[in-house]
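Worksheet: the structure to be examined is printed underneath.
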Amino acid sequence: MFVKICGLSEPEHVEAAVEAGADAIGLVMTRSPRQITPARAAELAALVPGHVLTVGVFRGEEPDAVREAVLTSGVRAIQLHGPKHPHSHFTALKDLSKTLIRAVDSSADLRCGAFDEDLLLVDAPHAGSGQAWDWAAIRGRPTGRWLLAGGLTPANVRAAIAAADPWGVDVSSGLETSPGVKSTPLIQSFLAAARS
């Protein structure tokens, strides 16, 4: 099970995610309680070994702004979140040779690769809300390599995986003690649960 821990902003939590076995860490460079600057993202990305994917998360920014942030931060993947990113945005960033992730809700085209992305992330209808949703409703619909997100916690991730049968999972607010503040024990327990 591929596991992405998103919205990290402190070195201790980046290190905890890596040590606990995360496959990817998300660094949010768009408006959010978890937002960090590209310079801060560069500092955090420098702590991550090469086998763990560093993902810059964007929502609604134009490709030129995304490109600048990606080059400054040095992340190895780009996640474009939501319907404000048409196919042309992915095409415009292809030359960076980064892993491209398209993050959408279940009403979107759920074929991984439909926008030339490498990974698909299927989130709750209200992304970032931390609210659980009907994971079983999308079972069998997404194709290719796709991650389930939205309302996941250490307590429910096993049930979510059983319901939706994803290739991977993505979590952010479910590992927080308050908005934007992660918990090392929650990171550790989520990774253990996702792979149990």
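For the single chain, residues carry numbers from 1 onward in sequence order.
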Smallest separation among heavy atoms of Glu12 and Thr184, with atom names: O-OG1, 4.3 Å
side-chain contact (heavy atoms from CB on, under 4.5 Å) assessment of Ile25 paired with Leu44: CA-CA 10 Å; Ile25 64 151; Leu44 297 175; 5.5 Å; no
Heavy-atom closest pair, residues Leu152 and Ala160: CD2-CB, 3.5 Å
Interatomic distance, Thr99 atom OG1 to Leu53 atom CG [nearest 0.5 angstrom]: 5.0 Å
Hydrophobic cluster membership, Phe190 vs Met1, 4.5 Å side-chain cutoff: yes
Under 3.5 Å: donor-acceptor pair, side chain of Ser183, backbone of Leu175: no
Aromatic ring pairing His85/Phe90, orientation class (parallel under 30°, perpendicular over 60°, tilted between): perpendicular
Spacing of NE2 belonging to His89 relative to CD1 belonging to Ile78, to within rounding of 0.5 Å: 12.5 Å
Other cluster members, Val181 - Ile/Leu/Val/Met/Phe/Trp/Tyr, side-chain contacts below 4.5 Å: none
Side chain proximity check, Leu93 to Val66, heavy atoms < 4.5 angstrom: yes
From CG (Asp116) to NZ (Lys94), nearest 0.5 Å: 5.0 Å
Any donor-acceptor N/O pair, Thr72 side chain to Ala69 backbone, under 3.5 Å: no
Under 3.5 Å donor-acceptor, Arg76 side chain and Val52 backbone: yes
Qualifying residues under salt bridge (Lys or Arg N to Asp or Glu O under 4.0 Å), relative to Glu61, sequence neighbours excluded: none
Minimum heavy-atom distance between Val28 and Gly7, given as atom pair plus value: CG2-CA, 3.8 Å
Qualifying residues under salt bridge (Lys or Arg N to Asp or Glu O under 4.0 Å), relative to Asp23, sequence neighbours excluded: Arg195
Any side-chain heavy-atom pair of Val55 and Cys6 under 4.5 Å: no
Heavy-atom check, side chain of His81 versus side chain of Asp123, under 4.5 Å: yes
Contact summary for Thr54 and Gly74, nearest pair of heavy atoms: OG1-O, 4.3 Å
Check: Trp133 and Ser106 side chains under 4.5 Å, non-hydrogen atoms: yes
Glu10: salt bridge (Lys or Arg N to Asp or Glu O under 4.0 Å) partners, not counting sequence neighbours: Arg40
Short side-chain to backbone donor-acceptor contact, Trp135 and Gly150, under 3.5 Å: yes
Side-chain (Asn156) to main-chain (Gly151) donor-acceptor, under 3.5 angstrom: yes
All side chain to side chain contact (heavy atoms under 4.5 Å, CB included) counterparts of Ala114, not counting sequence neighbours: Arg102, Asp109, Arg111
Inter-residue atom distance Leu121.CG - Trp146.CH2, 0.5 Å rounding: 9.5 Å
Distance, nearest 0.5 Å, that separates CG of Leu120 from CG of Leu148: 10.5 Å
The single option from Val18, Leu8, Val171 passing side-chain contact (heavy atoms from CB on, under 4.5 Å) against Ile187: Leu8
Connected via hydrophobic side-chain network under 4.5 Å: Val157 and Val122: yes
Rounded distance (nearest 0.5 Å) linking atom NZ of Lys182 with atom OG of Ser172: 3.5 Å
Val57 reachable from Val48 in the ILVMFWY side-chain graph, under 4.5 Å edges: no
Contacts of Asp64 that satisfy salt bridge (Lys or Arg N to Asp or Glu O under 4.0 Å) - sequence neighbours left out: none
Ile161 side chain near Pro166 side chain, heavy-atom distance below 4.5 Å: yes
Heavy-atom side-chain proximity of Leu147 to Lys4 below 4.5 angstrom: yes
CA sep, side-chain torsions, deciding dist, call: Leu80, Leu100, side-chain contact (heavy atoms from CB on, under 4.5 Å): CA-CA 8 Å; Leu80 300 182; Leu100 295 177; 5.9 Å; no
Minimum heavy-atom distance Met29-Pro38, with the two atoms named: SD-CA, 3.6 Å
Flag, side chain of Arg67 to backbone of Ala92, donor-acceptor distance under 3.5 Å: yes
Transitive ILVMFWY side-chain link Val75 to Val14, under 4.5 Å: yes
Cluster overlap Trp167 with Ile5, hydrophobic side-chain contacts below 4.5 Å: no
Leu186 versus Gly174, closest heavy-atom pair with distance: CD1-O, 4.3 Å
Donor-acceptor contact present, side-chain Arg145 to main-chain Cys112, <3.5 Å: no
